[in-house]
Amino acid sequence: MNQAEVSKLVSKLRIKVPAEPRKLRSPKGPEGRIDKLRKTVTGLIKYERIELNHNRGDEARQYAERLISEAIRYGDCHKPTMDVANYWLLEKELIHKLFKVLVPRFENCNTAYTRMLNAPRPLPSRVDDKVVLELRGNPYPSLVNRQSNNRLLIQNVLLDAAKYDYRQSKYAEMAEKIGQREEAQALEKKSKEPTKESSNESKTPEI
Amino acid sequence: MALAIRRTSDILCAARWLIRRDCRVLSTLPEKAEISQEVVVRRPAGRRPIANEAVLESRHIYPEFLPDPNPDWRNSLREKLERADMLKRRSQIDIPEFYVGSILAVTISDPHAQTKTTRFVGICIERKGCGLRAEFTLRNVVDHQGVEVRYDLYDPTIQKIQVLRLEKRLDEKLLYLRDALPEYSTFPFDMDPEILPEGTPVPINPVQVKLKPRPWLEKWERQELKGVSNIEEHLKGKDRIRRELRKTPWEKYDLMKQYRKTIPIEDQSEIWAEVHNQLQQLQLSRKKMARKRTFTAPKPQLG
């Protein structure tokens, strides 16, 4: 049982964090691992959408989320946060992007700041699982093709037409039924005309 | 004039805002009196409110209330039950605020002691563990012999914990006192408690200790200690080279490593919302009791 460190306050990440860090092999050891992740995080902040191997993408995602959440929490006037941004972003103009573009974009965000999607794998092959890592709110066209609400999509046009036809046929049926009933009532009236008026009055509310 | 128009506005409720605008033209009141601009800071929906800084500050005083940061060892039910038990224990005895570097006197019941209690005075060199297993270690030098006693903070045999001097040191752990000269960890058992005036921040003692020559229990030179003054005297060339090789300057930028060692604010504020009020009340009642005790007249001894 360890005591939690209390010297620093961190915001909770909105992604799942595994209990153990993932090892990324490098001849330089743990420093090489961090260097790899620095390159990936810099690329992610710069291009907003990159394709990676799964393990490196998942690991870099956590660091990118932490970097953005620190920037949101402490802002650009906090010296330690600035140091951290300076360390993680290898191209220095990206520090401005982090504090002036990404922080306003994600300030009121309720979800994770990044999105990771599985990328297709050319088969047959022995390459690693690929992922696409992207920042939310990027300017590129969406990767997920959800067009179920697009009325001009051919499937939706055909479905709408089919629904319209079905409804028309139903209306026709209903109209036919009503017509038949009215005819039947008219016939009944004619047959019952000689009877008393009171019986007629009692029937009217039923109709 | 304005009043008359106001009266008509009562009738014409729908057009009230128009008439108000007229009033503003006619009246001599400044515009600020009319407009009540409410600046509402809107929190995005779905995010829980974060406790204010003052509540979060209690993490320094009661660090054992925060659970273990390792998610494999978390269990929300056990943590909640442990917190309730800790509060119950705290309502029985006064567990004061103390830090590593403070000097404490702990009285525990001991069936083998003549008076059935044992009192030990020493400097707190380490605080660790969370929940009911929180513990601290006191160190003192008795008869030229270093003595360390590890106490469980919520041990039911503890009868009294008294803070003789409330202060912090430059480092988070003072384990290097084991290799330091004995004068730095010698404290008299009849020390009087020093009372700090209320509202002062906990003082940090900037004393730097002198280490004894090697061999040492640990490689202190690699730990970047602030509270040791003469570490360079005892080093050889190879020690300095190896220290350089073993340095990990990237670790302070390892954001996920920090994250895995801490409890995030959102989780903390939940915990403090649960226990902070009760802890405050306990503290207040202790203060009241302490004040009462000072005013009671000593009873005349009979016989």
Side-chain angles (χ1 to χ4, degrees), chain A residues 1-22 24 26 28-38 41 58-74 80-90 106-111, chain B residues 42-48 50-51 53 56-74 79 82 100 126-136 153 172 247-271:
Chain A
M1 301 290 271
N2 303 312
Q3 209 165 64
E5 260 182 29
V6 292
S7 53
K8 217 167 174 246
L9 280 175
V10 298
S11 310
K12 193 171 187 176
L13 296 189
R14 289 89 181 262
I15 55 172
K16 197 167 182 294
V17 177
E20 289 292 318
R22 201 180 260 107
L24 301 177
S26 162
K28 282 169 78 185
E31 192 186 0
R33 170 181 180 275
I34 289 283
D35 280 346
K36 279 180 170 182
L37 291 169
R38 274 163 84 188
V41 169
D58 191 31
E59 206 61 18
R61 186 187 185 197
Q62 298 166 21
Y63 283 90
E65 292 265 341
R66 275 283 289 135
L67 184 62
I68 296 172
S69 74
E70 286 282 283
I72 288 173
R73 177 162 167 71
Y74 292 105
T81 309
M82 212 56 178
D83 279 352
V84 167
N86 187 31
Y87 180 82
W88 278 96
L89 301 175
L90 299 173
F106 294 125
E107 247 173 354
N108 297 325
C109 181
N110 270 329
T111 50
Chain B
R42 211 174 61 78
R43 192 178 293 285
R47 216 185 284 175
R48 274 184 235 114
I50 289 168
E53 291 294 319
L56 285 175
E57 279 309 301
S58 47
R59 70 186 192 274
H60 296 290
I61 307 173
Y62 313 105
E64 73 275 3
F65 276 87
L66 294 179
D68 192 287
N70 186 348
D72 290 346
W73 299 343
R74 295 286 297 269
E79 284 159 16
E82 277 192 13
V100 169
E126 193 184 22
R127 246 187 118 160
K128 61 182 194 179
C130 56
L132 284 174
R133 302 185 205 181
E135 63 190 49
F136 61 98
L153 197 55
E172 295 194 341
K247 265 188 184 167
T248 52
W250 60 86
E251 255 180 25
K252 68 173 176 182
Y253 298 113
D254 196 335
L255 294 170
M256 287 312 293
K257 193 165 187 171
Q258 291 167 10
Y259 185 79
R260 286 193 173 93
K261 279 183 188 168
T262 57
I263 301 292
I265 305 174
E266 283 82 350
D267 295 356
Q268 273 196 35
S269 51
E270 246 173 58
I271 291 163

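To find a chain, count down the sequence lines: A is the first, B the second, and so on, and within it residues start at 1.
Side-chain contact check for B:K252 versus A:D83: every heavy-atom pair is 4.5 Å or farther apart. In this structure, B:M256 and A:V17 have side chains that are in contact, with non-hydrogen atoms separated by less than 4.5 Å.
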Side chain to side chain contact (heavy atoms under 4.5 Å, CB included) between B:K261 and A:V10, worked out: CA-CA 10 Å; B:K261 279 183 188 168; A:V10 298; over 6 Å; no
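Nearest heavy-atom pair, B:C130 versus A:N2, reported as atom, atom and distance to 0.1 Å: SG-O, 3.4 Å. Pairing each heavy atom of A:Y63 with each of B:L255, the nearest pair is CE2-N, 3.8 Å. Nearest heavy atoms, B:Y253 versus A:W88: O-NE1, 2.9 Å.
Of the two parts of B:P249, neither the backbone nor the side chain holds a non-hydrogen atom closer than 4.5 Å to a non-hydrogen atom of chain A. Both the backbone and the side chain of A:L67 come within contact range of chain B, each with at least one heavy atom under 4.5 Å from a heavy atom of that chain. Both the backbone and the side chain of A:P18 come within less than 4.5 Å of a heavy atom in chain B. Of the two parts of B:E251, neither the backbone nor the side chain holds a non-hydrogen atom closer than 4.5 Å to a non-hydrogen atom of chain A. B:R133 touches chain A through its side chain: at least one heavy atom from C-beta onward sits under 4.5 Å away, while N, CA, C and O do not. If you measure heavy-atom distances from B:W250 to chain A, the contacts under 4.5 Å come from both the backbone and the side chain.
For A:E65, the side chain to side chain donor-acceptor pair (under 3.5 Å) partners at least two apart in sequence or on another chain are A:T114. The ring pair (Phe, Tyr, Trp, His ring centres under 6.0 Å) search around B:Y259 returns none, not counting sequence neighbours.
Chosen from B:P67, B:P69, B:A134, the residue pairing most often with chain A at heavy-atom distances under 4.5 Å is B:P69. By number of non-hydrogen pairs under 4.5 angstrom with chain B, the leading residue of A:K12, A:Q62, A:R38 is A:K12. Ranked by heavy-atom pairs shorter than 4.5 Å toward chain A, the options B:T248, B:T262, B:D72 are led by B:T262.
Atom CD of B:E172 is separated from atom CD of A:Q3 by 10.0 Å, given to the nearest 0.5 angstrom. Taking CD of A:E5 as the reference point, atom CG of B:L66 lies at 12.0 Å (rounded to 0.5 Å). Atom CZ of B:R59 is separated from atom CG of A:L9 by 4.0 Å, given to the nearest 0.5 angstrom.
Around atom NZ of B:K128, no more than 12 heavy atoms belonging to other residues, nucleotides or ligands sit under 6.0 Å away.
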